[in-house]
Amino acid sequence: GEDVEQSLFLSVREGDSSVINCTYTDSSSTYLYWYKQEPGAGLQLLTYIFSNMDMKQDQRLTVLLNKKDKHLSLRIADTQTGDSAIYFCAEGSSGGSYIPTFGRGTSLIVHP
Amino acid sequence: ETGVTQTPRHLVMGMTNKKSLKCEQHLGHNAMYWYKQSAKKPLELMFVYSLEERVENNSVPSRFSPECPNSSHLFLHLHTLQPEDSALYLCASSPYIEGLAGEEPPYEQYFGPGTRLTVT
């Protein structure tokens with residue numbers, strides 16, 4: 001299987017919450033990232049969480065980490081049409097090279 | 001210009017052509033990367049350069065040839081490509097590829113907008 005797995009698509013209605021899920025295989029992962037790619041643009045770091053944390057909140061974004069199950073999620077509250085993008089989960093390790101490993105990306109489609 | 005720029009933004013080439021993709025970063029970073037983004041596949045790391053030296057080459061076919069003349073510029077030379085090479089090619093940069101003492105995460109990578117390549 002892949003090192004980082006995500007579902008390909010998620011469709012939500014404007015104003016609802018979106019939850020994008022990710023699973024990873026490397027138990028030594030130290031940092032877990034969410035990158036956002038808007039149409040016609042490159043990836044941009046949205047948020048990240050250290051592996052010794054369970055949750056991180058940043059305005060409308062909530063990241064939950066279940067290290068035991070190697071499961072990461074990104075919740076976007078009050079989803080807006082401007083949130084429509086591809087969201088990439090990535091994992092990286094500390095010590096030595098920390099080049100992250102990315103998933104396939106989840107396309108979030110927000111309907112008005 | 002600021003950030004990471006890539007040219008051209010779109011490229012259509014035949015299988016017998018030779019072309020080059022260019023990436024430039026204005027962030028003072030020491031590491032640069034080429035990624036391939038294909039539909040429904042994980043983002044694929046192709047090449048990594050650190051201080052102008054290639055440090056990683058993930059089994060990429062020889063029809064892709066990278067060049068890093070200095071820490072601000074990165075090229076990807078293309079020749080005799082196949083239709084399955086059609087994809088979005090992303091360039092990225094970061095301060096370093098390895099954690100340094102006293103350096104704080106999140107060790108962010110900065111991406112360019114990509115070159116949409118179509119091989120006919």
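Both backbone and side-chain heavy atoms feed into the values below; hydrogens, waters and symmetry mates do not. Throughout, protein chains are lettered first and strands after them, A, B, ... in sequence-line order, and every chain is numbered starting at 1.
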Heavy-atom distance under 4.5 Å to chain A: side chain of B:Gln37, backbone, both or neither?
side chain
Using 30° and 60° as the class boundaries, would you call the ring planes of B:Tyr110 and B:His29 parallel, tilted or perpendicular?
tilted
Where does B:Lys41 contact chain A at under 4.5 Å (heavy atoms): side chain, backbone, both or neither?
backbone
Option from B:Tyr89, B:Phe47, B:Phe111 for which ring-ring contact (aromatic ring centres under 6.0 Å, His included) with B:Tyr35 holds:
B:Phe111
Distance, nearest 0.5 Å, that separates CD1 of A:Ile49 from OG of A:Ser73
9.0 Å
Quick one: is the NZ or CZ of A:Lys56 closer than 6.0 Å to the six-membered ring centre of A:Tyr48, and within 45° of its axis?
yes
Using a strict 4.0 Å threshold on nitrogen-to-oxygen distance, state whether A:Asp83 and A:Arg60 make a salt bridge.
yes
Is it the backbone or the side chain of B:Leu90 that comes under 4.5 Å from a heavy atom of chain A, or both, or neither?
side chain
Report which part of B:Arg9 has an atom under 4.5 Å of a heavy atom belonging to chain A: side chain, backbone, both, or neither.
side chain
Bottom line for A:Glu38: the part with an atom under 4.5 Å from chain B's heavy atoms is neither
Answer with side chain, backbone, both or neither: which region of B:Val55 has an atom nearer than 4.5 Å to a non-hydrogen atom of chain A?
neither
I'd like to know if A:Asp54 pairs up with A:Lys67 as an ion pair, taking the criterion as any Lys NZ or Arg NE/NH1/NH2 lying under 4.0 Å from an Asp or Glu carboxylate oxygen.
no
With a 4.5 angstrom heavy-atom cut-off, which part of A:Leu8 approaches chain B: side chain, backbone, both or neither?
side chain
